[in-house]
Amino acid sequence: MNTQVVSLKEHIPHRAHASKKDFGHIVIEDVEIVFGKGATSSQAVKKTSLEIKPGEFVCILGPSGCGKSTLLNSIAGYVTPSSGSVRVDEKAVSEPGPDRGMVFQQYSLFPWKTILDNIAFGPKVAGRTNVECSSIANTFLEMVGLSKFAHKYPAELSGGMQQRVGIARALANYPSVLLMDEPFGALDAQTRLMMQENLLSLWSEFGITVVFVTHDVDEAIFLADRVLIMSASPGSIIDDLHIPLPRPRDPAMATGSEFMALKKVCLEQIRAESLRAFEQQNM
Ligand code: ADP
Ligand code: MG
């Protein structure tokens, strides 16, 4: 991805005059999520309340199956809570919307569309003209360093490149919130590190709120302002850890004593939760 991120100010009129404080405020109040009904129902997320401030970078960290995706999907509007409410910028979430961009672990691009058309899809659905769609798509493609690949198809790109397209496609709707579900989970370690650094550049340029789900402790600490640690299933947030590492973040920080101390706190909690989950499954 381009380390020289293209300036977005001129391309994002509604943000040009807005401060970061104006968009991407998430309030989760007493949300409980249960799948199924009656005897076969199962609770995925315990009653949870949470506030994420505009422009924050928050990672949700927890063992597999603890309800991270379910909680994220309730912000996206793909999952309706059984009780409680989710609000984004004072509006109750009842369905997916262009104010909340989503990036999944599977690249989920349209295989029959070119890279440019994949990115232009959202703006097109929003009713923008062909000229506008093309201009927006080219801007975001340049931002993720893939201009040369505009007319290729997803299958012709590597996993890392496809995920950059996924991010560009989500951002092309000018969302106030970017929701990411283990987006770099399928990438090799080297590509993953590069993607993390570049996501941080985009985030600082864009001023967007990011909620990023991962089960990788290093990734969570490197990226986040706050790491929310979830308990084993049914999930609830058991810790809200402030990450005071300075920005811009540098991969070299990962070997520093402050990073190590934070990692120790996270690992101890995750280990205790994983053990608890294992014992529950084997009871
Ligand atoms: P994580 O993302 O932390 O791995 P998930 O949020 O995917 O966990 O899943 C949490 C729990 O909810 C799991 O037990 C999973 O099987 C269950 N679950 C997730 N989605 C559904 C669904 N659509 N229907 C029924 N159960 C589900
Ligand atoms: Mg998941």
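Whatever order the structure lists them in is the order used to number ligands and atoms, beginning at 1. None of the values given here were measured: they were computed from a predicted structure.
- Between the side chains of Asp188 and Thr191, at least one donor-acceptor pair of N or O atoms lies under 3.5 Å.
- From the protein, the heavy atom lying nearest to atom 6 (O) of ligand 1 is Thr70 OG1, 2.5 Å.
- The protein atom (non-hydrogen) at minimum distance from atom 8 (O) of ligand 1 is Gly67 N, 3.2 Å.
- Without hydrogens or angle criteria, Thr214 side chain to Glu182 main chain gives no donor-acceptor distance under 3.5 Å.
- For Phe35, no nitrogen or oxygen atom sits less than 3.5 Å from a nitrogen or oxygen atom of ligand 1, counting backbone and side chain alike.
- Atom 12 (O) of ligand 1 has its closest protein heavy atom at Ala44 CB, 3.5 Å.
- Assignment of Gly62 to the shell around ligand 1 is not supported, since no heavy atom sits closer than 4.0 Å.
- Considering only heavy atoms from C-beta on, Ile208 comes within 4.5 Å of Pro175 through its side chain.
- Judged by the 6.0 Å and 45° rule, Arg169 forms a cation-pi pair with Phe110.
- Gly65 N, 2.7 Å is the protein heavy atom nearest to atom 4 (O) of ligand 1.
- If you number the atoms of ligand 1 from 1 as listed, the ones under 4.0 Å from a heavy atom of Ser64 come out as 4 (O).
- Ring to ring, Phe212 and Phe184 are close: their centroids are under 6.0 angstrom apart.
- The contact set between ligand 1 and Cys66, taken as ligand atoms under 4.0 Å from a residue heavy atom, comprises 1 (P), 3 (O), 8 (O).
- Atom 15 (C) of ligand 1 lies below 4.0 Å from none of the non-hydrogen atoms of the protein.
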(Q) Determine whether Glu142 and Ser147 satisfy the following criterion, side-chain hydrogen bond (donor to acceptor under 3.5 Å, both in side chains), listing intermediate values before the conclusion. (A) CA-CA 5 Å; Glu142 192 182 340; Ser147 293; 5.0 Å; no

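- The heavy atom nearest to atom 7 (O) of ligand 1, out of those in Ser42, Ser233, Ser69, is found in Ser69.
- At least one N, O or S atom of Ser69 sits under 2.8 Å from the Mg ion (ligand 2).
- The pair Asp117-Lys124 fails the salt-bridge criterion, with no side-chain N (NZ, NE, NH1 or NH2) lying under 4.0 Å from an Asp/Glu carboxylate O.
- The aromatic ring centroids of Phe140 and Tyr174 lie less than 6.0 Å from each other.
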